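Atoms within each ligand, like the ligands themselves, are counted from 1 in listed order. FYI, side chains are in, hydrogens and waters are out, and symmetry mates aren't considered; it's all heavy atoms of this structure. Keep in mind that what you see is a predicted model, and the values were worked out from it rather than measured.
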Amino acid sequence: MKSDSVLPSICYGGDYNPEQWPEEVWHEDAQLMRKAGVNLISVGIFGWSKLEPQEGKYDFGWLDTVMDILYKHGVYVNLATATATTPAWFVKKYPDSLPVDRNGVRSFNGSRQHYCPNHPHLLEHMKTLVRALAEHFKEHPALKMWHVNNEYACHVSRCYCENCARSFRTWLQERYQSIERLNECWGTNFWGQRYNDWEEINPPRKTPTFVNPSQELDYYRFMNDAIFKLFAAEKEILREITPDVPLSTNFMSSFKPLDYFSWAQEVDIVTWDSYPDPREGLPINHAMMSDLMRSLRGGQPFLLMEQVTSHVNWRDINVPKPPGVMRLWSYSTIGRGADGIMFFQWRQSRAGAEKFHGAMVSHSGDDQSRVYREVKELGHELQKLDELVGSRVKSEVAILFDWENWWAVELDSKPHNKLNYISIVEDYYRELYKRNIRVDFARPQDDVSAYKVVIAPLLYMMKEGEEENLKRYVRDGGTLLVSFFSGIVNENDHVHLGGYPAPLRDILGICVEEWVPFAEEQSNFLQDGGETYRCTTWADIIRLEGAEPLALFGEEWYVGSPAVTVHRFGKGKGIYVGTRPESRYLGRLMESILKERDITPALQVPAKVEVTERYTDKERYVVIVNHNAHPVRITLPADETFLNVFNGKKHDKELTVKGIDAVVLKKRRRT
Ligand code: GAL
């Protein structure tokens with residue numbers, strides 16, 4: 001891809017399923033799209049059975065017509081490779097392509113994504129289709145981007161069939177080379193699990209009790225790799241036939257089965273889907289995921305490929321976004337690095353499981369609905385933001401995030417089996433979000449030297465090289481904050497011996513002697529100076545080895561023992577939080593760290609107002625999103641004048657933002 005962006009403008013549009021509609025509707029659609037400012041549409045995602053109705057017989061004619069119509073209306077196409085659902089003829093021919101769960105139960109077709117990623121004929125059929133499609137459409141002027149498959153692994157992230165068992169054995173041979181090495185890395189002397197031969201090894205199917213955790217962990221790795229291979233094969237063909245067309249596959253943000261950090265290195269631009277529940281109020285998790293998705297490719301802007309205008313159909317109760325909220329959340333995403341706002345889907349389906357899912361055009365089919373009006377307003381407004389395309393976000397804080405660690409920490413047979421990685425990460429993120437501090441995510445092995453503060457929540461697994469990396473970071477002056485249950489195992493899920501958290505003890509100046517996981521109804525409290533704060537989930541029994549206590553436990557048999565500590569290491573500091581403190585405490589701790597490291601938000605604003613910034617070489621853009629129903633007055637920095645990008649008005653000294661409203665300001669950067 002020549003530049004970071006797909007279009008020179010903010011991409012705006014959604015998934016489009018013309019195959020569900022007669023041709024006259026395609027013309028209406030294109031007109032409505034143009035009217036709404038739509039410039040990019042994802043087409044053909046579930047199109048395999050229409051594009052190849054019989055094996056080897058292709059029908060691209062209808063898609064030619066659709067793409068011609070769209071192009072005539074100034075709408076470009078994000079063309080799907082259509083491999084997301086195998087057609088019924090394929091299933092009939094290869095019934096063993098249907099996936100099998102860990103209990104040995106095979107799924108049927110009749111919904112979508114019903115394929116085993118390791119089926120020997122799947123890849124060959126997918127490749128033939130993709131090649132034919134790419135050859136046919138390579139010169140089409142509407143083609144702007146490839147949408148490979150769709151939400152890989154969304155419904156079937158693991159299959160346990162015999163084909164998978166065979167592929168797993170091959171994968172293990174490549175990884176371990178010898179059966180002895182595998183026995184060592186899986187710790188098979190435990191419970192007499194030793195293997196003499198690769199053929200004796202199975203996927204971690206249903207077992208009488210806990211399966212070997214190292215085996216389970218490898219199955220996560222193996223399935224991630226197996227599904228990735230499908231993507232890589234399509235990518236190779238598309239690169240060969242259309243080397244200049246950028247390609248992506250839509251991620252699902254905090255989707256556990258796929259290691260998006262590694263996947264992201266293979267796409268041209270990160271695209272992802274997000275469906276926060278409007279009942280949650282502030283979209284904190286969505287903001288966190290936007291920051292994570294941006295971080296996957298080192299801060300490159302991304303496309304929000306799917307969100308919904310109003311309501312989904314797959315929750316127990318599908319509450320719509322109230323008026324204005326879709327726009328608001330779109331701006332929250334833009335402020336965090338989106339160069340595109342897209343929806344699932346363009347036109348609400350008439351039939352099928354998603355007929356009650358919201359869309360840009362509702363069942364009324366016209367331009368009168370509240371939702372379409374909002375879609376149109378946003379589309380036109382976004383055209384004023386084209387200058388933002390390609391601009392970057394800058395952060396001074398990073399949170400460490402690692403998929404393999406996530407897999408490992410949530411495996412069973414732990415001291416606490418209800419630890420939820422994402423929610424512990426979110427504990428820390430939330431405090432930064434509330435204070436409008438920009439955050440990136442990084443892997444524990446990444447170079448984090450550019451950040452003033454690095455936070456490592458629940459970094460249970462520490463792999464080779466990570467200890468050295470973090471030591472270097474702190475030694476050179478960084479502030480590292482580590483939560484409980486970190487630095488416990490290596491990449492095989494074997495304990496780092498020598499006192500917890502062995503790889504972090506030097507940095508933190510502590511030794512954790514025992515763990516006290518709490519029952520759900522239990523809590524303790526922290527004493528910090530004269531104040532007390534609630535803490536839940538977990539208490540570490542900490543022995544100080546040079547660290548100073550910042551807070552002590554307030555009760556139980558370990559009353560008075562350190563709960564939060566700080567330690568100087570080289571030029572930096574290691575802070576340890578040996579419990580799960582309430583937000584009031586974490587917020588306070590965070591504020592003291594931010595103050596010490598001189599990290600400040602772009603603007604001081606009232607609660608529930610998001611402020612984010614994006615930079616080009618010359619301009620600084622400030623995106624302000626007021627989630628309150630009431631207006632807020634914001635003081636602007638003294639002697640700075642900002643330009644309102646929507647209406648060209650100048651603002652200095654102060655600015656009022658209406659309730660449920662967003663404003664984008666810009667300021668020329670001093671050089
Ligand atoms: C996504 C999927 C879309 C649609 C949408 C509904 O997961 O990619 O095809 O099903 O969810 O919310």
Side-chain angles (χ1 to χ4, degrees), residues 11 13-21 40-51 77-87 109-115 145-157 227 230-231 234 247-258 260 263 267 270-280 283 285-286 289-290 293 302-321 325-326 329-330 333 340-363 371 375:
C11 298
D15 283 17
Y16 182 37
N17 297 302
E19 63 274 28
Q20 296 175 10
W21 300 97
L40 188 70
I41 279 286
S42 310
V43 189
I45 294 177
F46 298 102
W48 192 346
S49 67
K50 275 283 227 178
L51 293 166
V77 171
N78 171 32
L79 187 56
T81 57
T83 51
T85 293
T86 46
N109 55 328
S111 65
R112 63 176 176 183
Q113 210 181 70
H114 40 250
Y115 59 77
M145 184 174 174
W146 286 110
H147 183 94
V148 180
N149 198 285
N150 188 65
E151 291 192 343
Y152 275 107
C154 168
H155 307 295
V156 181
S157 59
I227 296 166
L230 300 179
F231 168 78
E234 291 198 25
L247 60 83
S248 191
T249 182
N250 48 341
F251 297 162
M252 291 162 281
S253 60
S254 57
F255 181 65
K256 188 173 164 185
L258 301 184
Y260 286 147
W263 279 70
V267 298
V270 167
T271 61
W272 67 291
D273 306 341
S274 180
Y275 293 93
D277 190 342
R279 286 179 290 191
E280 279 165 25
N285 183 271
H286 171 79
M289 290 306 137
S290 303
M293 293 295 110
F302 57 83
L303 303 186
L304 181 63
M305 187 51 82
E306 287 183 26
Q307 64 166 349
V308 70
T309 50
S310 55
H311 56 85
V312 296
N313 68 301
W314 40 260
R315 292 203 168 92
D316 54 352
I317 298 169
N318 298 295
V319 174
K321 290 176 183 165
V325 167
M326 177 273 279
W329 292 5
S330 300
T333 325
I341 297 294
M342 315 266 292
F343 299 87
F344 177 85
Q345 62 175 332
W346 166 252
R347 185 181 279 271
Q348 201 169 18
S349 305
R350 183 163 186 213
E354 288 180 331
K355 57 185 173 297
F356 297 121
H357 192 290
M360 298 165 87
V361 174
S362 58
H363 283 147
V371 165
V375 162

K.L.:
May I have the step-by-step check of ring-ring contact (aromatic ring centres under 6.0 Å, His included) for Trp263 and Tyr152, ending in yes or no?
P.N.:
CA-CA 11 Å; Trp263 279 70; Tyr152 275 107; 5.3 Å; yes
K.L.:
Could you tell me which atoms of ligand 1, counted from 1 in the order shown, lie closer than 4.0 angstrom to a heavy atom of Trp314?
P.N.:
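Answer, ordered by atom number: 6 (C), 12 (O).
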K.L.:
Quick one: which ligand 1 atoms are inside 4.0 Å of a heavy atom on Phe46?
P.N.:
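Numbered from 1, ligand 1 contributes 9 (O).
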K.L.:
Who pairs with Arg350 by side-chain hydrogen bond (donor to acceptor under 3.5 Å, both in side chains), at least two apart in sequence or on another chain?
P.N.:
none
K.L.:
Does any non-hydrogen side-chain atom of Tyr16 lie less than 4.5 Å from one of Val77?
P.N.:
no
K.L.:
I'd like to know if the side chain of His147 pairs up with that of Ser42 as donor and acceptor (distance under 3.5 Å, no hydrogens or angles considered).
P.N.:
no
K.L.:
Please verify whether a non-hydrogen atom of Arg112 lies at under 4.0 Å from ligand 1.
P.N.:
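Within the 4.0 Å threshold, so yes.
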K.L.:
Does ligand 1 have a heavy atom under 4.0 Å from the side chain of Asn150, from its backbone, from both, or from neither?
P.N.:
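Answer for Asn150: side chain.
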K.L.:
Counting heavy atoms only, which of Gln345, Glu151, Arg315 comes nearest to atom 7 (O) of ligand 1?
P.N.:
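The residue whose heavy atom sits nearest atom 7 (O) of ligand 1 is Glu151.
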K.L.:
Going by the atom numbers of ligand 1, which of them fall below 4.0 Å from some non-hydrogen atom of Glu354?
P.N.:
4 (C), 5 (C), 6 (C), 10 (O)
K.L.:
On a heavy-atom basis, which atom in Thr85 and which in Ser111 lie closest, and how many Å separate them?
P.N.:
CG2-O, 4.4 Å
K.L.:
Could I get the full list of side-chain hydrogen bond (donor to acceptor under 3.5 Å, both in side chains) partners for Thr309, not counting sequence neighbours?
P.N.:
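Residues passing side-chain hydrogen bond (donor to acceptor under 3.5 Å, both in side chains) with Thr309: none at all.
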K.L.:
Quick one: nearest non-hydrogen protein atom to atom 8 (O) of ligand 1, plus distance?
P.N.:
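Checking every protein heavy atom, the shortest distance to atom 8 (O) of ligand 1 gives Glu306 OE2, 2.7 Å.
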K.L.:
For atom 6 (C) of ligand 1, what's the nearest protein heavy atom and its distance?
P.N.:
His357 NE2, 3.1 Å
K.L.:
About how many Å separate CD of Glu234 and OG1 of Thr249, when rounded to the nearest 0.5 Å?
P.N.:
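One finds 8.0 Å between OG1 of Thr249 and CD of Glu234.
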K.L.:
N/O of Asp15 under 3.5 Å from N/O of ligand 1, yes or no?
P.N.:
no
